[in-house]
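This report concerns only the one structure given below.
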Amino acid sequence: MIMGLTGGIASGKSTVSAMLIQKGARLVDADVIAKGVMLPGHPVLAAVAGHFGQGILLPDGTLNRAALGEIVFSDPAALQKLNSLTHPAIRREIKEQMYALEEEDPQRLIIVDIPLLYESKLDNLFDKVLAVYVPREVQLARLMERNGLNNEQAAARLDAQMDIEEKRSRADYIIDNSGGPAETEQQVAVLWDRLGLL
Ligand code: ADP
């Protein structure tokens with residue numbers, strides 16, 4: 001079974017995916033794939049530089065994230081263009097990796113960690129979607145702590161994503177990560193047993 005894993009920023013996706021891997025699930029990580037298409041030599045990076053100019057590259061040919069961020073941050077049309085250059089390749093690579101894992105081991109749970117799964121309309125790729133949920137105040141506090149942000153900076157990042165309550169209402173399964181790690185582990189164990197019956 002292939003299951004999408006999502007949640008909000010700092011809601012605990014990495015924490016929960018580590019627990020599932022510990023139990024035997026295999027992981028496809030969309031963030032790793034997204035970074036991969038922006039590495040030197042990848043045709044997607046070449047297309048992005050072709051559109052936005054060589055100024056988005058550093059002298060060694062790697063992506064100048066700050067320069068690209070500067071261009072797309074305040075310009076929704078530029079961001080949309082960037083997404084249209086990157087998303088098809090990312091989507092293709094996610095599918096390739098997950099189907100390869102499924103073929104390798106059809107009985108295994110495959111989890112595909114995609115922070116912006118709903119925002120990117122990728123839910124149709126999966127049999128089921130699991131959301132890692134914490135209420136907004138907890139999410140804000142953990143994000144401030146982990147990334148060393150103030151309240152306003154952290155709130156801006158949350159506001160750039162779909163509201164976590166909506167993700168919770170759309171998902172097939174929910175892990176509530178607002179308690180301690182042991183409580184989360186317990187819910188993962190229950191989910192694991194439940195999935196074993198499918
Ligand atoms: P995500 O992958 O969704 O961005 P993380 O798994 O990195 O989120 O968790 C965000 C932060 O919250 C991390 O610093 C992590 O150590 C912490 N954290 C995660 N789960 C818990 C928990 N149950 N209790 C306390 N802190 C947690």
Side-chain angles (χ1 to χ4, degrees), residues 1-38 65-66 69 72-73 79 83 86-87 90-91 93-94 97-98 101 109-123 125-195:
M1 174 186 176
I2 304 182
M3 188 165 72
L5 173 75
T6 193
I9 182 170
S11 72
K13 294 175 298 297
S14 312
T15 304
V16 168
S17 75
M19 290 175 182
L20 288 166
I21 290 165
Q22 180 72 25
K23 291 201 165 288
R26 305 289 301 271
L27 174 70
V28 175
D29 187 328
D31 275 347
V32 171
I33 292 172
K35 289 203 174 93
V37 304
M38 295 302 244
R65 281 188 188 278
V72 300
F73 182 64
L79 180 60
N83 289 342
T86 58
H87 283 183
I90 295 170
R91 190 185 172 100
E93 177 83 4
I94 288 172
Q97 286 193 18
M98 69 192 208
L101 286 175
L109 174 67
I110 297 152
I111 49 174
V112 187
D113 183 344
I114 312 187
L116 300 180
L117 183 147
Y118 287 118
E119 289 88 339
S120 310
K121 300 186 172 42
L122 290 171
D123 37 326
L125 282 184
F126 305 106
D127 301 320
K128 298 284 181 191
V129 174
L130 166 65
V132 182
Y133 170 81
V134 291
R136 185 181 161 101
E137 324 80 79
V138 176
Q139 193 186 4
L140 197 65
R142 288 187 186 162
L143 179 59
M144 288 167 64
E145 168 84 22
R146 186 188 66 186
N147 292 26
L149 300 176
N150 66 32
N151 194 75
E152 196 178 310
Q153 292 166 321
R157 296 204 187 180
L158 296 197
D159 292 342
Q161 303 189 339
M162 182 187 289
D163 188 79
I164 194 158
E165 298 298 332
E166 184 171 353
K167 293 181 181 182
R168 172 159 86 157
S169 70
R170 288 173 65 164
D172 300 291
Y173 303 110
I174 294 143
I175 298 282
D176 186 326
N177 186 39
S178 47
E183 288 167 58
T184 297
E185 184 90 59
Q186 172 63 22
Q187 293 172 62
V188 169
V190 169
L191 175 70
W192 187 262
D193 290 343
R194 197 172 153 194
L195 293 175

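Counting starts at 1 for both ligands and their atoms, in listed order. On a predicted model such as this, the values are computed, not experimentally measured, just so you know. By convention here, the first residue in the shown sequence is residue 1.
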### Task
Please step through side chain to side chain contact (heavy atoms under 4.5 Å, CB included) for the pair N147 and R157, ending with a clear verdict.
CA-CA 11 Å; N147 292 26; R157 296 204 187 180; 3.6 Å; yes

### Task
With heavy atoms of K13 as the reference, note each atom of ligand 1 found under 4.0 Å away.
1 (P), 2 (O), 3 (O), 4 (O), 6 (O), 8 (O)

### Query
For ligand 1, which atoms, with element, lie under 4.0 Å from some heavy atom of R146?
1 (P), 4 (O), 5 (P), 7 (O), 8 (O), 10 (C), 13 (C), 14 (O)

### Summary
for atom 22 (C) of ligand 1, nearest protein heavy atom and its distance come out as R142 NH2, 3.4 Å

### Query
Does A10, backbone or side chain, put an N or O under 3.5 Å from an N or O of ligand 1?
yes

### Query
Can you list the atoms of ligand 1 that are under 4.0 Å from a heavy atom of G180?
23 (N)

### Task
Check whether any side-chain N or O of N177 sits under 3.5 Å from a backbone N or O of V134 as a donor-acceptor pair, and report yes or no.
no

### Task
Answer yes or no: is there an ion pair linking D159 with R136, defined by an N-O contact shorter than 4.0 Å?
yes

### Query
What protein heavy atom sits nearest atom 19 (C) of ligand 1, and how far away is it?
T15 OG1, 3.3 Å

### Query
What residue and atom, counting heavy atoms only, is the protein's closest point to atom 20 (N) of ligand 1, and at what distance?
N177 ND2, 3.0 Å

### Query
Is E119 salt-bridged to K167, cutoff N-O under 4.0 Å?
yes

#### Entry: Heavy atom of S178, distance to ligand 1 below 4.0 Å
no

#### Entry: Heavy atom of protein closer than 4.0 angstrom to atom 16 (O) of ligand 1
no

#### Entry: Top protein contact for atom 2 (O) of ligand 1, by heavy-atom distance
S14 OG, 2.6 Å

### Query
Got R146 and L143 here, is their nearest side-chain heavy-atom distance under 4.5 Å?
yes

### Query
If you measure only the distance, is there a donor-acceptor pair under 3.5 Å linking the side chains of E165 and Y133?
yes

